[in-house]
Novice: 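Before I ask anything, here is the structure I am working with.
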Amino acid sequence: INGNNIIEDGILPCLARAATENDLGANFDETQDIWRSMEYVVDKTSIEKMEDRYRIVVDYKPYEDIAQISLTYDIYADGTISIREKMTDAGNIAAAFMLPRFGIGMSLNGAFSNLEYFGLGPHENYADRCSSASMGRYCNRVEDMYHYGYVRPQESGTRTQLKWIAVT
């Protein structure tokens, strides 16, 4: 991959997450496998030039009869990219095991060291540990977001209720 690329891997929907201690104890890591194994095959793409941005919509083919995902990218002249994700029922979503995560995934090239976000903070927080966190704008170094002393997905650097994030 060219060293000038900011994003090393494509931006894709991500409906699975790493298994937590509770997931392992309840075998949720196995029952959530349907979301982990989803294939994202592009069905159609549209590009529209708008007054102040370009809009790209990527619709993925439905996964079995469970869900259909689309990503909408708004790309502005200053380099800002806004991404919205949408999931619709492909006919039988009610039969699927609960959705563990609704988000996107990507890999950045490692040249970024600063993180700024608006969400709950300043400390780690997650679904059952967010009442002590306050909504606000926070700045951290990327290297300070991961704690090598306890490598558990639910406890290492998680921030919830993010409204926006900037990695510079």
Side-chain angles (χ1 to χ4, degrees), residues 7-43 57-73 81-110 112-167:
I7 299 172
E8 290 199 358
D9 292 328
I11 299 170
L12 289 173
C14 183
L15 305 180
R17 60 170 169 71
T20 64
E21 292 284 337
N22 289 343
D23 292 342
L24 297 174
N27 292 325
F28 285 172
D29 56 318
E30 295 171 15
T31 54
Q32 292 178 5
D33 199 44
I34 189 161
W35 301 111
R36 190 174 292 110
S37 63
M38 282 187 80
E39 294 180 30
Y40 302 107
V41 178
V42 174
D43 185 29
V57 178
V58 179
D59 292 318
Y60 295 91
K61 290 184 178 181
Y63 182 71
E64 297 180 3
D65 62 347
I66 297 172
Q68 183 170 13
I69 306 288
S70 69
L71 292 178
T72 301
Y73 303 82
I81 302 173
S82 172
I83 304 170
R84 288 186 316 276
E85 182 176 24
K86 178 181 173 184
M87 179 170 65
T88 55
D89 186 347
N92 199 23
I93 200 167
F97 192 78
M98 70 177 177
L99 181 67
R101 177 178 190 261
F102 185 72
I104 59 171
M106 67 179 160
S107 296
L108 301 179
N109 74 9
F112 301 91
S113 58
N114 300 304
L115 176 71
E116 183 178 1
Y117 66 95
F118 188 84
L120 291 180
H123 55 72
E124 297 170 326
N125 56 87
Y126 32 93
D128 59 350
R129 186 187 178 239
C130 62
S131 62
S132 64
S134 299
M135 183 64 69
R137 183 176 182 172
Y138 299 98
C139 297
N140 287 329
R141 293 181 319 171
V142 170
E143 66 188 52
D144 295 335
M145 295 296 289
Y146 185 77
H147 298 283
Y148 294 93
Y150 51 96
V151 189
R152 290 288 184 218
Q154 74 267 31
E155 297 178 351
S156 191
T158 299
R159 303 298 193 272
T160 59
Q161 297 186 30
L162 291 180
K163 307 305 179 201
W164 59 262
I165 184 170
V167 183

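Residue indices begin at 1 and follow the sequence shown.
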Novice: Could you grab the distance from atom CD of Glu124 to atom OG of Ser132, nearest 0.5 Å is fine?
Specialist: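 OG of Ser132 is found 10.5 Å from CD of Glu124.
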Novice: Does CZ in Arg137 sit with more than 12 non-hydrogen atoms of other residues, nucleotides or ligands closer than 6.0 Å?
Specialist: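 Incorrect, the count does not exceed 12.
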Novice: Report yes if the side chains of Tyr60 and Leu71 come closer than 4.5 Å at any heavy-atom pair, otherwise no.
Specialist: yes
Novice: Within this structure, what is the SG-CZ distance for the pair Cys130 and Arg159, rounded to the nearest 0.5 Å?
Specialist: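 Reported to 0.5 Å precision, the distance equals 13.0 Å.
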Novice: Name all residues meeting the ring-ring contact (aromatic ring centres under 6.0 Å, His included) criterion together with Phe102; count only those two or more places apart in sequence or in a different chain, and write none if there are none.
Specialist: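 Once residues adjacent in sequence are excluded, Phe102 has no partner under the ring-ring contact (aromatic ring centres under 6.0 Å, His included) criterion.
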Novice: Distance check, rounded to the nearest 0.5 Å: Leu15 atom CG versus Glu85 atom CD?
Specialist: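 If I round to the nearest 0.5 Å, the distance is 6.0 Å.
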Novice: Name the one of Val42, Thr72, Leu12, Asp43 that satisfies side-chain contact (heavy atoms from CB on, under 4.5 Å) with Val58?
Specialist: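 Single side-chain contact (heavy atoms from CB on, under 4.5 Å) partner of Val58 among Val42, Thr72, Leu12, Asp43: Val42.
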Novice: Can you measure from OH (Tyr63) to CE (Met87) and round to the nearest 0.5 angstrom?
Specialist: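 That separation rounds to 13.5 Å.
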Novice: Taking the inter-plane angle between the rings of Trp164 and Phe118 on a 0 to 90° scale, is it parallel (under 30°), tilted (30 to 60°) or perpendicular (over 60°)?
Specialist: parallel
Novice: I need the Thr88 OG1 to Ile69 CD1 distance, nearest 0.5 Å.
Specialist: 7.5 Å
Novice: Can you name the side-chain hydrogen bond (donor to acceptor under 3.5 Å, both in side chains) partners of Ser107, sequence neighbours left out?
Specialist: Asp9
Novice: Sub-3.5 Å donor-acceptor pair from the side chain of Asn140 to the main-chain atoms of Val142, do we have one?
Specialist: no
